[in-house]
**Student:** 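Here it is, the structure in full.
Side chains are part of it too, since the values below use all heavy atoms of this structure and drop only hydrogens, waters and symmetry mates. Just so we're on the same page: letters track the sequence lines, and every chain starts at 1.
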Amino acid sequence: MNSTPILSIDELVENASAPDASETQEYFINMGPQHPATHGVLRLLLKLDGERVRKIVPVLGYIHRGIEKIAENQSYRQMVHLTDRMDYLSAIINNWGVSMAVEKAAGIELNPRIETIRTIFGELERLRSHQLWWGVMGMDLGAFTPFLYCFRDRELLNDIMEKTIGARLTMNYIQPGGLMHDVHEDFVDDVKGFLKGFKSTIDEYDQLLSGNVIFQERVRNVGIMDGATALDYGATGPVLRGSGVAYDLRKVEPYGVYDQVDFDVPVGTTGDSWDRYWIRIEEMRQSVRIIEQLIDNIPDGKHMVVKMAQKIKIPQGRYYSQVETARGVLGTWLVSESEKKEGAYRVHFRSPCFNNLWTLIPMVEGDLIGSLVACMASIDLVIPDIDR
Amino acid sequence: MLPERLQSICELEDDVTVLEEGVDKPTVVVPCEHVASLMAALKHDASFAFLLLLDHTVTDRVDDGHFELVYQLYSPVHNHHLMVMTTIPRDEPVIQTLSHIWAVAEFQEREIYDMFGVVYRNHPDLRRLFLEDDWVGFPLRKDYEDDFMLERPK
Amino acid sequence: MGIATDHLPGVVEQLPGGSVLVTSFDSVINWARANSLWPLAFGTSCCAIEMLMATGGPRHDLARFGAEVARPSPRQADLLILAGTIVKRMAPRLRLLYEQMAEPRYVIATGACTISGGPFIYNSYSTVRGADEVIPVDVYVPGCPPRPESFFHGLLTLQKLIKTESIRQPGVRHKPVLSELPDGIKVEDIQKEIVALLEGEATVDVNKAAQAKPWPKGT
């Protein structure tokens, strides 16, 4: 009969740290749909090994409202308001996307005033979106103060938008053929006053969060993704630019008056969460730069080239057009069956968040669960934009 | 993208034709059995380098009895955009998956399967994406009917 | 609270002067309940930004009404703020969340989608037409999305409702109410204003066109 050999303490420790002895049982955990860090109703099914994420399965559809089906049964004007409620943090840019698709298809020529005002509002919306993201990213990583700062400044922007548009969140301002109303008489002064203060506010944001040691530890070298992987997973916007691919529609396929203004496209180097964070901070500075160049030079003209009462119809065919929202490329796919019908046969939205979401898989698999929250915050997801 | 480059796409695979009417982007039409091989060539050929699959969607041409599949490709290397179209019959909607070429195709195809019931052969995980697993029917098909859905009053 | 709310009324009320005591208890308990509502942040879409984030922000400051302790877990909350569309897939989860909340529990439905399905009623195969098809709602706050101020009005309406409760009838629910209008403003005034606005901007003068039309007599 074999007696078990008596081991020394050193041998015991060595045995205990052998790979098979430390292996833990893998288990599944549900994150969401009601979870504070998923910013809505995203559900992630996580396969965990201790605190390591082995597999992520996103489960979608908790806010799937069937927007594409609804839009097929509406006219081109009516369908604009649906896009507000997809990516509600860049509502104006979404309006712009679908309006531009209709205008291109119907061959409507806009005057420089409309294009300039659209660009200014688009950049204000980008500012507002990035600003909210900054506050929420801080909150996700355990710092509550950024949230208070971001809402302090967001309300200032809300006031400016409200004066012209009358809404605080779902704008429905940009319409096929122009703008809903002309800008408020105080608009130019308000924006100038806001920008004056906001330039130093971005530096304040920087001082408050960017240099924080805990924050740096949470985001630096976390969720590294190279450019090839980002492209493979269909990422666009700051997520793709963070991985070093300078794909910004405002530069490569300019629309609005982006070809007349001077701005830079910030690009990351390592592709970690820090790069994605830094790019959005830089984009805020670039947005300020763009608005400053345009705000004094708004040309005169009408705010509408197609009257509201006039029906818009587009010739038979297939149309695809894109805009750069705060999160990436929003594509609008329109199919028109006949020139007589005042509505599309098929509408499809290529939403940036739906495609960006999947980059979580290469980013986080094999990493800790705490990094998952940091990565999710750095992708900046809006769930109704995923589900539509 | 220049027209002569479009012609060279037609040489990559059999039966590829250029579509000029009714589209606003450079477009090629390909029979459904050649889609996967053409796409692989478009991605890996360095002179095209379509590294980004922007979008994939379907139009239900119920009167013609087929589904029209569309792929939007973009090349960040050369900065050009290409639309690839193909049709599959409505009563047998089967096509080869592209998930081995672009990772995001897996999820875009799952959405299409959910909404239109297009079956992708060799897909790693073909399940419903937005709707519950026990949902009956494919809601974005033009002939979809549902007791729950309300018609807009005229 | 169990003894005070469940057993006390039956015993105390039979004593001389007992109903005075119960009424005093009522007012104390209702005061405490109304001013320390702990909301469950249930934001599904756009309204979440306005209802749960902007109200918690520095300008509007939900803490003034004692309801700033937003909980992500239903077991620690007694006020369910519904902010956003409810779809078929979410409905069973919403029911589950509601049932997990501690009694007494209240529900505020904010925004058009939560009240009726809003812009997603027609031709949608998945939107539930109002959260009240799934769970009972106490106060409706209309808007798309409502302003933070109108949400506060809904919250104050709920506080008023709570203050009319009695421990004599535990668990009795109120009829659902629409978040009422501020003093001095009537629905008719708003309707008049909207009509004036629409007519002012319309290319056709509605009244003139209606009068010009030869209506058949006697109808």
Side-chain angles (χ1 to χ4, degrees), chain A residues 32-41 43 59-74 78-79 81-82 84-89 91 132 135-136 139 144 147-156 158-159 162 167-170 172 181 307-309 382-385 387, chain C residues 40-61 70-74 77 80 83-94 96-97 100 111-113 117-128 143-149 201-204:
Chain A
Q34 162 67 13
H35 190 279
T38 57
H39 300 195
V41 287
R43 175 177 161 207
V59 183
L60 308 178
Y62 290 97
I63 187 69
H64 176 69
R65 303 176 280 202
I67 282 185
E68 289 175 11
K69 186 91 180 174
I70 299 171
E72 278 173 18
N73 292 289
Q74 291 185 340
Q78 288 171 327
M79 127 191 147
H81 82 279
L82 295 172
D84 282 341
R85 285 140 184 99
M86 268 166 28
D87 181 355
Y88 42 79
L89 291 180
L132 182 87
V136 173
M139 202 162 72
F144 190 70
F147 172 79
L148 297 173
Y149 273 67
C150 93
F151 264 92
R152 178 194 68 184
D153 303 322
R154 188 183 161 84
E155 292 291 345
L156 300 176
N158 276 356
D159 286 348
E162 209 184 333
R168 286 164 51 92
L169 189 72
T170 47
N172 201 17
H181 331 274
K307 282 204 180 105
M308 283 305 273
V382 169
I383 313 305
D385 196 33
D387 284 1
Chain C
L40 167 70
F42 181 79
T44 57
S45 57
C46 350
C47 288
I49 301 292
E50 290 283 276
M51 294 306 99
L52 304 169
M53 293 171 96
T55 54
R59 181 184 286 186
H60 297 291
D61 194 10
R71 300 277 104 181
S73 163
L80 179 56
T85 327
I86 311 295
V87 300
K88 277 186 184 172
R89 192 167 194 175
M90 198 64 195
R93 276 81 179 175
L94 173 61
L96 192 69
L97 283 172
Q100 285 178 348
C113 297
F120 308 106
I121 294 182
Y122 297 119
N123 302 110
S124 173
Y125 44 86
S126 66
T127 310
V128 173
C144 189
R147 297 180 59 86
E149 291 89 335
E201 288 187 353
T203 46
V204 183

**Student:** Measuring from Ser126(C):OG to Ile70(A):CD1, what's the distance to the nearest 0.5 Å?
**Tutor:** 7.5 Å
**Student:** Would you sort out whether Val59(A) and Arg89(C) count as a side chain to side chain contact (heavy atoms under 4.5 Å, CB included), showing the intermediate values?
**Tutor:** CA-CA 11 Å; Val59(A) 183; Arg89(C) 192 167 194 175; 3.6 Å; yes
**Student:** Heavy atoms, side chains only, cut-off 4.5 Å: are Asn73(A) and Tyr122(C) in contact?
**Tutor:** no
**Student:** Can you tell me how far the NE2 atom of His60(C) sits from the CD atom of Glu155(A), to the nearest 0.5 Å?
**Tutor:** 4.0 Å
**Student:** Between Met90(C) and Ile63(A), is a side chain to side chain contact (heavy atoms under 4.5 Å, CB included) present by the stated rule, with each step listed?
**Tutor:** CA-CA 7 Å; Met90(C) 198 64 195; Ile63(A) 187 69; over 6 Å; no
**Student:** How close do Pro145(C) and Thr170(A) get, heavy atom to heavy atom, and via which atoms?
**Tutor:** CD-OG1, 3.4 Å
**Student:** Check the pair Asn123(C), Glu72(A) against side chain to side chain contact (heavy atoms under 4.5 Å, CB included), reporting the backbone distance first and the verdict last.
**Tutor:** CA-CA 9 Å; Asn123(C) 302 110; Glu72(A) 278 173 18; over 6 Å; no
**Student:** Given side chains that start at C-beta, do those of Tyr62(A) and Thr44(C) come closer than 4.5 Å, heavy atoms only?
**Tutor:** no
**Student:** Please rank Arg147(C), Met53(C), Arg93(C) by heavy-atom pairs under 4.5 Å with chain A and give me the top one.
**Tutor:** Met53(C)
**Student:** Establish, from distance only, whether the side-chain atoms of Thr127(C) and Arg65(A) form a donor-acceptor pair under 3.5 Å.
**Tutor:** no
**Student:** Counting only heavy atoms closer than 4.5 Å, note whether Ile86(C) contacts chain A via side chain, backbone, both or neither.
**Tutor:** neither
**Student:** Taking every non-hydrogen pair under 4.5 Å, which of Ala54(C), Gly43(C), Gly57(C) racks up the most with chain A?
**Tutor:** Ala54(C)
**Student:** In terms of heavy-atom proximity below 4.5 Å to chain A, should Ala41(C) be classed as side chain, backbone, both, or neither?
**Tutor:** backbone
**Student:** Do NZ/NE/NH1/NH2 and the carboxylate oxygens of Asp153(A) and Arg59(C) come within less than 4.0 Å?
**Tutor:** no
**Student:** So do Arg85(A) and Cys113(C) actually touch side chain to side chain, heavy atoms under 4.5 Å?
**Tutor:** no
**Student:** What is the minimum heavy-atom distance between Pro384(A) and Ser45(C), and which atoms define it?
**Tutor:** CG-CB, 3.6 Å
**Student:** Val136(A) versus chain C, heavy atoms under 4.5 Å apart: side chain, backbone, both or neither?
**Tutor:** side chain
**Student:** Show the nearest heavy-atom pair for residues Leu169(A) and Cys46(C), with the distance to one decimal.
**Tutor:** CD2-O, 3.3 Å
**Student:** Between Phe151(A) and Pro58(C), what is the shortest heavy-atom contact and its length?
**Tutor:** CB-CD, 3.6 Å
**Student:** Measure the CD1-CZ distance between Ile67(A) and Phe120(C) for me, rounded to the nearest 0.5 Å.
**Tutor:** 4.5 Å
**Student:** Go through it in stages, so that I can follow the logic: the residues are His64(A) and Tyr125(C), the test is ring pair (Phe, Tyr, Trp, His ring centres under 6.0 Å), and I'd like the CA-CA distance, side-chain angles, deciding distance and then a yes or no.
**Tutor:** CA-CA 10 Å; His64(A) 176 69; Tyr125(C) 44 86; 5.6 Å; yes
**Student:** Select one option (side chain, backbone, both, neither) describing which atoms of Leu94(C) are under 4.5 Å from chain A's heavy atoms.
**Tutor:** neither
**Student:** If I measure from the heavy atoms of chain C, does Tyr88(A) come under 4.5 Å with its side chain, its backbone, both, or neither?
**Tutor:** side chain
**Student:** Which bit of Leu60(A) comes within less than 4.5 Å of chain C, counting heavy atoms only: side chain, backbone, both or neither?
**Tutor:** backbone
